[in-house]
Amino acid sequence: MRQVVARPFASLSAGISAAHFEQAHPFRQPLIRPSAGAAEVCRTGEAVGRPLPGHLLAWWGLMDGIGDADYRAGFPIPPFYLPLPVAGVRERFASLSRFADQDCCGAGRAHATAAGEPSIGFCTATVPICRDLAGDVLVVDLRDGARHGCIMSWWAEEGYAETAWAGTAAMLADVADRLDDLMRTEIVDGGALQWT
């Protein structure tokens with residue numbers, strides 16, 4: 001499983017592509033923090049209270065997101081998301097869970113909606129893994145259903161929306177493919193990565 005996420009992560013952490021690599025841009029490994037370690041990942045899993053997908057755990061085994069101070073490097077997850085540090089996942093989950101969607105989240109961790117289904121309020125069976133600068137998040141959807149493990153976007157004003165990604169590995173594979181396509185990336189504002 002680690003190999004499934006290793007190729008996309010290697011592309012993401014090494015630079016944009018071979019052609020872009022020689023350009024002066026700061027989006028390289030130093031901005032992507034090394035793994036926070038198994039204990040930190042375990043604490044986050046315990047806080048979520050649900051089994052986390054293997055590909056997500058493998059990704060966290062390779063990196064610990066991008067810190068708040070490094071947001072100017074660009075957004076490695078299209079169109080404008082930064083991977084959250086593992087402790088940040090736990091903090092964001094706890095913060096958003098205080099406002100759990102009463103129409104979805106029930107007693108005993110039961111949920112009225114299935115994985116991949118849109119809803120407005122924050123569902124406690126979704127785990128934020130990336131954020132944008134406005135505070136909106138990409139989540140792994142751990143609700144039951146055929147799309148269990150899919151990636152969804154969640155905006156406080158609009159709720160959940162589908163993405164094209166069936167899971168963390170699909171998201172990272174898409175990122176790697178986009179990084180290899182010079183027509184889908186651009187370096188702007190002194191070296192920041194931007195998706196076109």
Side-chain angles (χ1 to χ4, degrees), residues 1-15 26-100 105 109 115 122-143 148-156 160 163 165-176 179 193:
M1 203 167 304
R2 194 174 174 96
Q3 291 177 325
V4 172
V5 298
R7 176 193 165 259
F9 179 78
S11 295
L12 186 59
S13 63
F27 193 78
R28 294 202 181 122
Q29 179 65 33
L31 298 180
I32 299 175
R33 298 156 26 145
S35 174
E40 189 71 20
V41 171
C42 185
R43 280 191 289 278
T44 298
E46 288 171 359
V48 168
R50 293 177 172 275
L52 298 171
H55 291 131
L56 177 60
L57 296 174
W59 189 35
W60 286 347
L62 296 169
M63 66 96 213
D64 186 32
I66 294 177
D68 288 343
D70 293 322
Y71 74 89
R72 289 182 184 89
F75 306 98
I77 307 297
F80 38 69
Y81 291 99
L82 295 164
L84 283 166
V86 175
V89 168
R90 191 170 58 248
E91 293 163 8
R92 186 70 52 108
F93 178 79
S95 174
L96 293 171
S97 292
R98 293 181 315 169
F99 306 102
C105 305
R109 298 187 184 176
F122 185 77
C123 174
T124 59
T126 63
V127 180
I129 59 169
C130 298
R131 68 169 182 91
D132 69 12
L133 295 181
D136 301 319
V137 292
L138 285 179
V139 300
V140 174
D141 193 339
L142 300 179
R143 294 176 287 181
H148 178 84
C150 72
I151 306 296
M152 297 195 63
S153 58
W154 184 79
W155 301 286
Y160 290 94
T163 71
W165 301 312
T168 309
M171 178 183 75
L172 294 174
D174 182 44
V175 167
L179 288 172
L193 171 66

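For this chain, numbers begin at 1 and follow the sequence in order.
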- Query: At their closest point, which heavy atom of F122 faces which heavy atom of P128, and how far apart are they?
  - Reply: CZ-CD, 4.2 Å
- Query: Do M63 and S35 come within less than 4.5 Å of each other through their side chains, counting heavy atoms only?
  - Reply: no
- Item | CE on M171 to CG on L56, rounded to 0.5 Å | 8.0 Å
- Heavy-atom distance under 4.5 Å between the side chains of L52 and V140, does that happen here? no
- Note on the structure: Between D132 and F80 the two heavy atoms that sit nearest each other are CB-O, 3.3 Å
- What is the minimum heavy-atom distance between T44 and R90, and which atoms define it? OG1-NH1, 2.8 Å
- Would you say the side-chain atoms of S97 pair up with the backbone N or O of F93, donor to acceptor, closer than 3.5 Å? yes
- Note on the structure: By salt bridge (Lys or Arg N to Asp or Glu O under 4.0 Å), R92 pairs with (sequence neighbours left out) none
- Query: Is E40 salt-bridged to R43, cutoff N-O under 4.0 Å?
  - Reply: yes
- Message: Once rounded to the nearest 0.5 Å, what's the spacing between atom OG1 of T126 and atom CG of L138?
- Response: 11.0 Å
- Task: Could you tell me the separation between the OG1 atom of T168 and the CD1 atom of I151, rounded to the nearest 0.5 Å?
- Result: 4.0 Å
- Take D136 and W154, measure what side chain to side chain donor-acceptor pair (under 3.5 Å) needs, and give me the verdict at the end. CA-CA 6 Å; D136 301 319; W154 184 79; over 6 Å; no
- Shortest non-hydrogen contact from C105 to C123? SG-CA, 3.6 Å
- Task: Step by step, work out the side chain to side chain donor-acceptor pair (under 3.5 Å) result for S153 and Y81.
- Result: CA-CA 10 Å; S153 58; Y81 291 99; 4.8 Å; no
- Query: Would you say the side chain of W155 lies within less than 4.5 Å of the side chain of V137, judging by non-hydrogen atoms?
  - Reply: no
- Within a strict 4.5 Å, meaning less than it, do heavy atoms of the P83 and I129 side chains meet? no
- Task: Would you check, one step at a time, whether the test side-chain contact (heavy atoms from CB on, under 4.5 Å) holds for V139 with V127?
- Result: CA-CA 5 Å; V139 300; V127 180; 5.7 Å; no
- Which pair of heavy atoms, one from G67 and one from R33, lies closest together, and at what distance? N-CD, 3.7 Å
- Message: Are T124 and F99 packed together at the side-chain level, in the sense that at least one heavy-atom pair is separated by less than 4.5 angstrom?
- Response: no
- Task: Could you check if a side-chain atom of L142 sits within less than 4.5 angstrom of a side-chain atom of H148, using non-hydrogen atoms only?
- Result: yes
- side-chain contact (heavy atoms from CB on, under 4.5 Å) between M152 and R143, intermediate numbers included: CA-CA 12 Å; M152 297 195 63; R143 294 176 287 181; 3.7 Å; yes
